[in-house]
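Below you'll find the structure, written out as C-alpha cells, and then a few comments.
The sequence lines fix the lettering, A, B, ..., with proteins before strands; numbering per chain opens at 1.
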Amino acid sequence: MILDEYQKKRNFGKTPEPRPGGGLPGTRTGRQFRFVIHKHDASHIHYDLRLEHGGALKSWAMPKGLPTPHDRKKLAIAVEDHPLDYLSFAGRIPEGQYGAGRMEIWDSGTYIPLDEPETAFGKGKLTLRLEGGKVRGEFTLARMKGGEGKGNEWLAILAKPEELNADLGAEGTAAPMPRGLRPMQAVLAGRPFSSADYLFEIKFDGIRALSYVNGGLSIMSRNLKEQAFRYPELADLAGHFLAGELIVDGEIVALDEQGVSHFQLLQGRINLTGKSEIAAAARATPAYYYVFDILYLNGRDLTQLPLSRRKEILSRLFMPHKHIRVSEWVEEQGEQIFHFARERGLEGIVGKRMAAPYRQHRSRDWLKFKAVRQQEFVIGGFTMPRGSRALFGALLLGVYEDGDLVYAGHVGTGFSEDMLQRLHAAMAPLVQEEPPFRVPPRPNEPAKWLRPELVAQVKFAEWTREGLLRHPVFLGLRNDMDPRDIVREEKILEKKEAAASGPREPSGPEVLPPFEHPPAGDMWLEVAGRELRLTNLDKELWPGDGRGERYAKSDLIDYYYRVSDFIVPHLAGRPLTLKRYPDGIGAGPFFQKEAPAETPAWLHTEAIPSESSGKRERIRYLVCDETAALIFIANLACIFQNPWLSALPDLARPDIIAFDLDPVDPDDFEACLEVALLLKDQLGGFGLRGYPKTSGATGLHVYVPVKTEYTFAQTRQFAELVSILCQHVRPDLVTLEQPVSRRAGSRLYLDFRQNVMGKTLASVYSPRAWPGAPVSTPLSWQEVQRGVKPADFTIANIPERLQASGDLFAGVLFDRQDLMEALRLGSRFLKTG
DNA sequence: GCCACGG
DNA sequence: CCGTGGCAACGCAGT
DNA sequence: ACTGCG
C-alpha cells in the first residue's frame, strides 16, 4: 500500500493527523485535481506542497517556499505520500512525534496537469497550473538527477512568472515604481477602543523600513538609508513574494527570549558597516522583518486602495518565513489586543482604519496606543550570569520609600553587549557586603549587593499587586539624577483609569499632524465643520535673530492645531482675556476682552457683568471650547491664551489655586526650581498635590486644582498662607513684596495675589512672546528636581513631547482637592510645627 | 488684526 | 484714498 | 485719593 510509509512514521494515538484510508475520494471534474500547501512550522519553517494523485497526496517539502519571480527555482524534497484527508488537516503535531510543530493550511484549491499525469509523476517531470485561493500560476516539478540517494530531490520551477497571479494585475493605478517613499506614521492616541472600522496590530519596537523588490532588493529606513546590506538574514525577502515587483512596508526587529521586540537589542547592529562584523552580529542578534503593508505591485500603485484590500493582496503574495514574517492583525477588538500587549510586555498596539489609503506622513488613520511605562530606578545589586550571558544576569532595582530603598524587581533584558560591559565596570567598585534594600530580595541566582549610587532608566508594562515590575526592560544608565530622589512615580493616570472604568471615553487626546497651508497669504480652513478664514499666514510673529528661531503666524496656528486636543480641555469654559501681537513680539501688543466684531456666531461667548467703576455693562468674553475656536483666536495673533482661574457655570468659585514664581533675576530659573520644591513640601503638609509648569517666560507656575466650592477670598487667603510658610522657611530666597523696589536681596517673588476673579495666567501649552517661542510646559516633579531650561520647550518640540509623554497637566483637570480637609490636616501640622 | 473715524 | 486710534481693568498695598 | 504692580 502506498501509504505504508506514512503510517509507519506516525503514532495515531498521539498525532492528530488523519489515519490513512478513512477519507472520501472526493469529487473531481475533468482534468482538475485538488492540492494543498501547508505551512509547516517544524524544526525549520517550510512549506509542503501536496498534489492529489492516484488516491493519495504526492507531497514535497519546500524549505524556502514556492518558487517566485525573484527565485524561479526552489528545492522541493519529495516525501512520503499523505492520505487525501490531509487536504483539510491543520493542527499541532505534538512534541516527539514525526513532524512535530504547527501545520497550517497556507493555500488550497485545484490544479490542472498540463501534461499526462499518469506518466509524469513516474518520469519525474510534471507541469501544472495551480488555482488556489492565493496562488494562481504555472509551475514545473522536475526530479534532479544527482548521485545515489538523491532521488527525492526535485526542483519546483515557476514556469511563467509574468502570469503569476495575473488576476491582481488591475489593482490600483498604473505607475512607474517609485523610490524614496516615506512610511505612513501613526498618531499617539490615548485610550484604546474597539471599532469595526479598525484593525489592530502589535506595535513593534525596531526600525521601520520599506522594502523595494525589483530584480534586486532594497530596504530603506525612514531617513532613506539603505539597510539591506546590514541584515543579510533578510536577503531572501524578495524570494518570499509571489510577485516580481513590489514595495512592502514593515519593521526590522530583534527579539528577546519571549519573542518581544526591543530596539535596544538592535542597537548594536544599526551602525555596522563591515561585512564580517555584520555577519557576526547577525549570528549573535538575528533580525526579523515583520511585513504589514503593500504599496506597489507589478507596475501598479496600490496606495490609494483601502487598507483592507492591501492586506488581502499582501496575504496572497507573501510566504512568511523564519526571518520574514507577517504582522498579525485583528479586526475591531482593540481593547482585547491592548490587554494582550500589556500582559506580554509589548510596546503597545496600532489601530489602523481599514478604509484608509496609505499616506506618506503621520495620519490619524493610524493610531498608536502605548502600553509601556518608564521611570528611573536605583540599582541595588545584580545577580550572577546564567547560560551564555557574561558578567551579570539581572539588575536588582529599588525605589526610595520613607528614606529606605525598597526592592522593585529585577531587569534582565535590554542590554547591548557594550552596555553589559559598561554596567559591569560601573558596578564593580560599588560592591558591598550589606544589601542596600530594606527587605533584601532573594533572587534565584546568587546576588552581589551594591552601594546604591547608579540610576537605571527602565520601561515596564505595569506594577504587579506586590509592587514589582512586570516586563521590565533596561533602557540606559542615567548620570544626571541623585539616587535619593528616586521614588515610585505614582501613576495618577491609573487612578483616573480606575475611576473611569465605567462608561468608556472614545479615546484620549492626540497630537494632530500639521495642516497643509499655503506658505503665504490667506486660506480657508475647515475644522470640525467650522469654516475659518486664516489671514496673513506669513506674518512674522517671532523674528529670526540670534536669540531664537523665526516663526510666522502660520507656525503659531499650526502649533495650536496640532496640540489642540491637549490644550482645549484646559481652556474650556474659561473666559479669556486676549493679548494680541498683530506685529509680532517686538511690537506693541494690546489687550482685548470684548469679543472682536469678526467673531463667528458659533464661537462660544459669555457676557459677564463688568465690575468696573459704576458702569453696569457686560463684556462678551470669548470662551474656547473647541479646536476651531482656538484656531480663530490664534489667527487674531493671540500668541498665548489667558484663561480665568474659574470656569463656567460658577465663575465666582475658582477650581485652581495658582502660585506664580517669578525670579527677581530673569536668568535665575534655579530659584524657581528650588522654591517649587519648597512649595511642594509645604503643600504636602496640607496633603495637597501641586502641578508645576514653566510659565514660558522666566518663571514657573504651580497649580493646585481644588473643588469648585470655595470663594476667591478663600483660595487667595490659602495661597497667601502657604506663601508665608514658604517665605518663613527660606527668607533668604523668597519675597512676598509686591513693589519691585522692595524685592532686592531676594531671589524670587512668590506671587499669590493672582487668585482673584477675572485675573489670568498664561495657560498651559501656550507659546509666549519671547524669542524662540517658548511654551508654558508642565513638568514632572522629577524634572523640577533634576532641573530643566524653560527655553528648551518651544512650539517646535512640544508636539513631540506631548506625543511621547501625554498631558502631564491632566491632573489639573480632574484631581480636584478638598481645601477644608487640607486645612484640617495642615492645622494639625501647624500646631506641632 | 481690523474696524471706525477723520482728513 | 490713507493714516491713526482703539482695542482691559482688579484689588491690594503703600503713600 | 492716587499710584505701582502683575
Rounded interatomic separation in angstrom, taking CD from Gln717(A) and P from dG11(C): 15 Å

Sugar-phosphate only, base, or nothing, as touched by Arg742(A) at under 4.0 Å among non-hydrogen atoms: sugar-phosphate

Nearest-angstrom distance, C1' atom, dA9(C) to dC2(B): 22 Å

Under the side chain to side chain contact (heavy atoms under 4.5 Å, CB included) test, residues paired with Lys593(A) that sit two or more places apart: Thr577(A), Ile619(A), Tyr621(A)

Can you pull every protein N or O that's under 3.5 Å from an N or O on nucleotides 5-8 of chain C?
residue : atom : partner   : partner atom : Å
dA8(C)  : OP1  : Lys593(A) : N            : 3.0
dA8(C)  : OP1  : Glu594(A) : N            : 3.3

Which residues share a ring pair (Phe, Tyr, Trp, His ring centres under 6.0 Å) with Trp770(A), sequence neighbours left out: none

Sugar-phosphate only, base, or nothing, as touched by Asn635(A) at under 4.0 Å among non-hydrogen atoms: sugar-phosphate

Between dA8(C) and dC5(D) - P atom distance, rounded Å: 24 Å

Aromatic ring proximity Phe369(A)/Phe193(A), centre distance under 6.0 Å: yes

Chain A contact limits on DNA chain B, taken 5' to 3' with a cut-off of 4.0 angstrom to heavy atoms: dG1(B) to dC2(B)

Counterpart residues, side chain to side chain contact (heavy atoms under 4.5 Å, CB included), relative to Glu606(A) (two or more places apart): His604(A), Ile608(A), Val623(A), Leu648(A)

Tyr703(A): ring pair (Phe, Tyr, Trp, His ring centres under 6.0 Å) partners, not counting sequence neighbours: Phe809(A)

CA sep, side-chain torsions, deciding dist, call: Phe752(A), Thr715(A), side-chain contact (heavy atoms from CB on, under 4.5 Å): CA-CA 9 Å; Phe752(A) 57 86; Thr715(A) 56; over 6 Å; no

For nucleotides 1-5 of chain D, give me every protein contact, N/O to N/O, under 3.5 Å, one pair per line with atom names.
residue : atom : partner   : partner atom : Å
dG4(D)  : N2   : Gln738(A) : OE1          : 3.3
dC5(D)  : O2   : Gln738(A) : NE2          : 2.9

Touch class at under 4.0 angstrom, heavy-atom based, for Ala637(A) against every strand present: sugar-phosphate

Interface with DNA chain C, restricted to residues 700-715 of chain A and to heavy atoms under 4.0 Å: none

Salt-bridge present (Asp197(A), Arg353(A); N to O < 4.0 Å): no

Rounded interatomic separation in angstrom, taking CH2 from Trp644(A) and P from dG11(C): 11 Å

Electrostatic pair Asp655(A):Arg574(A) at N-O distance under 4.0 angstrom: yes

Qualifying salt bridge (Lys or Arg N to Asp or Glu O under 4.0 Å) pairs with a residue from residues 624-641 of chain A, counting only residues at least two apart or across chains: Arg530(A)-Glu626(A)

Results of ring pair (Phe, Tyr, Trp, His ring centres under 6.0 Å) for Tyr358(A) - residues two or more places apart only: Trp366(A)

Rounded distance in Å - CZ (Arg716(A)) to C1' (dC10(C)): 12 Å

Residues forming a salt bridge (charged side-chain N to carboxylate O under 4.0 Å, His left out) with Lys539(A), sequence neighbours excluded: Asp583(A)

Verdict with supporting geometry, Glu674(A) and Arg730(A), salt bridge (Lys or Arg N to Asp or Glu O under 4.0 Å): CA-CA 10 Å; Glu674(A) 233 177 294; Arg730(A) 291 294 302 277; 3.2 Å; yes

Result of checking Leu802(A), Val812(A), Val764(A) against Pro778(A) for side-chain contact (heavy atoms from CB on, under 4.5 Å): Val764(A)

Counterpart residues, side chain to side chain contact (heavy atoms under 4.5 Å, CB included), relative to Pro790(A) (two or more places apart): Phe669(A), Thr694(A)

Gap between atoms CG and C1', on Asn755(A) and dC12(C) respectively (whole Å): 13 Å

